> 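One structure, pasted below without further comment.
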Amino acid sequence: MTTPKLYDVKKFSTIKEMLKMGADETGDNLAFKYLKGKEVISVTYKEFWNDTLYLGTALETIGMSKAHVGCIGPNSYPWLCSYLTMLKSEGVFVPVDKELPAQDIINVVNHSDMQAIFYDKSYEKIFKENREQMPNVKYFIGFAREEDEGEFLSFKKFMEKGKESYLSGNENYANETCDPEALKLLIYTSGTTGLSKGVELTEHNLVYSVYCGLQVSRVYTTSLSVLPYHHTYEAVSGILVSLHNRCCICINSNLKAVVNNLKLFKPDFIYVVPAFAELFYKKIWATVKDGGKETGLKILIKVSNALRKIGIDLRRKLFGAIHESFGGNLVKIVCGGAPLRAELGDFFDSIGISLINGYGITECSPLVSANREECNDCTTVGFVLPCLDVKIDDPDENGDGEIWVKGDVVMKGYYKMPKETEEAFEDGWFKTGDYGRFNKKGLLMITGRKKNLIVLSNGKNIFPEEIEGYIQAIEYVKEVVVYAASDDKGDDKQLRAEVFLDNDAIEKLGIENVLETLRQDITEATKDLPTYKKIADIKIREEEFEKTTTNKIKRNKIKKD
């Protein structure tokens, strides 16, 4: 396959320059929309630029614009103001995972050398009760606080003071510049198999992730911003990319509000993790089945696909009801963060929505590769960014090996962890810990995580993600993890599938003997796999798996007894 021509993207050298271009060239265009109560608030690019100036000036007046400054809380406009204000400064921004336990939050605050933190009201109790454990923090700036209380400041009043200072002639913050190779964004990974590490990203990393990301993956005019802002996927590939493209970003503050906000804001693109895409897919089919229209939809898909082969595209008309459930304008779902079943890509393409799979890792700011609408292949993660070199280390007979990356988006290292940093690199190549290969068309394919690799007693290597994909397709399976467990004699390894089921779906399907039905369905779903990849044991969970805030299952928390 010939690599498609890269999209044209306007160059910029700093985040400040990128935002200033937006304010100067499209200042009256909407940058953000969000709900406040029942009212939709709109913010233009010019207004947002000014808000970052006022907030940055306020930080400068208390000596914090060059410090390490954190933020914790659900997605919100003040969160984004804090984020972009710090990216424009000489300081370092530290987003904190809002789902962390109190002690882990304190650990991140201390390890990151944070001196100030913006926070949602739900965290004030933690900070006040554990104040003495965070001696380096000088200011806690509360988004919901109405009044200052010592070192606990009101965000609203803080902004007002910054505005007054800036309009009175204080341009110290506005004139700040920074070394593009210096630490700018310090992100603590929400690892699924181990402890978090502070990933050091520079402004150079962020600029190239945005610039080169837009060269391989186009976005449109309006996004619904769903995923947590503390994660690079949304913070960089979602927010910064959308801002450089002059999109309107509609802020979704609560995952329970996604369906309603799709209909309210009517986005034309959205970033999700595969778990969301899977949920959308199963919800559509469940709704169709409840209405007795499953056969009709399958026939419509066949007819539509046949018409497309002769140049007639009626997808948005034929599947109008499905499109309306997404707001009516959705044309693209960008997926990343975990493997994606190809079946989902085929389905969404059939109804007129591009499901674009990509691959990234926090240490690469985070994007490494992405598919293109004009040649989308959901069995792959697409084309590598033009600023990167990628190689497959020590490939096996199938071409699978560890993915190594070198280039402009690769991190500086792990904060205050020289040993771990040294172990992560070899001859300038970053070792991702992911296994994969390139197909004959030059598209990158992901096999699985190195840490998840199962080695059976017969020496066979198995990536559980592959088998999980087959089982995930079973209608009433919500979550699944495949791992090696001892057999009855305790002296050999066999594959176990541990599953969390959808009880509502089981009831609707009239399943009585759940375990036996599941056993039969897993056998059927995996019938094309070789014998050594077959499931020998099944365990049904009563509760969901413990997950990171990007919905990845924490495999190290699973008890495999």
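Atom set for the values below is all heavy atoms of this structure, side chains included, hydrogens, waters and symmetry mates excluded. Model, not experiment: these values are computed from the prediction.
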> For Phe93 and Trp79, I'd like to know if the aromatic rings sit close, meaning centre-to-centre distance below 6.0 Å.
yes
> With ring centroids as reference points, do Phe127 and Tyr119 lie under 6.0 angstrom apart?
yes
> Does one side chain, of Tyr359 or Asp434, offer a donor that lies under 3.5 Å from an acceptor on the other?
yes
> Assess the side chains of Ser253 and Asn75: does a donor N or O sit below 3.5 Å from an acceptor N or O?
no
> Using the side chain to side chain contact (heavy atoms under 4.5 Å, CB included) criterion, which residues pair with Lys478? Sequence neighbours excluded.
Phe500, Asp502
> State whether the number of non-hydrogen atoms from other residues, nucleotides or ligands found under 6.0 Å of Glu422 atom CD is greater than 12.
no
> If only side-chain N and O atoms count, and only distance matters, is there a donor-acceptor pair under 3.5 Å linking Ser65 with Glu90?
no
> Grab the two heavy atoms, one from Leu186 and one from Ser112, that are nearest each other, plus how far apart they are.
CD2-CB, 3.8 Å
> Is there a donor-acceptor contact under 3.5 Å linking the side chains of Glu60 and Asn172?
yes
> Under 3.5 Å, is there a donor-acceptor pair linking the side chains of Glu234 and Tyr271?
no
> Counting heavy atoms not belonging to Lys128, are there more than 12 under 6.0 Å from its NZ?
yes
> I need the single residue from Arg541, Lys547, Lys282, Lys554 that forms a salt bridge (Lys or Arg N to Asp or Glu O under 4.0 Å) with Glu479. Which is it?
Lys547
> In the structure I gave you, are the side-chain heavy atoms of Phe438 and Thr380 within less than 4.5 Å of one another anywhere?
no
> Restricting to side chain to side chain contact (heavy atoms under 4.5 Å, CB included), what partner residues turn up for Gln133, sequence neighbours left out?
Gln103, Ile106, Asn130
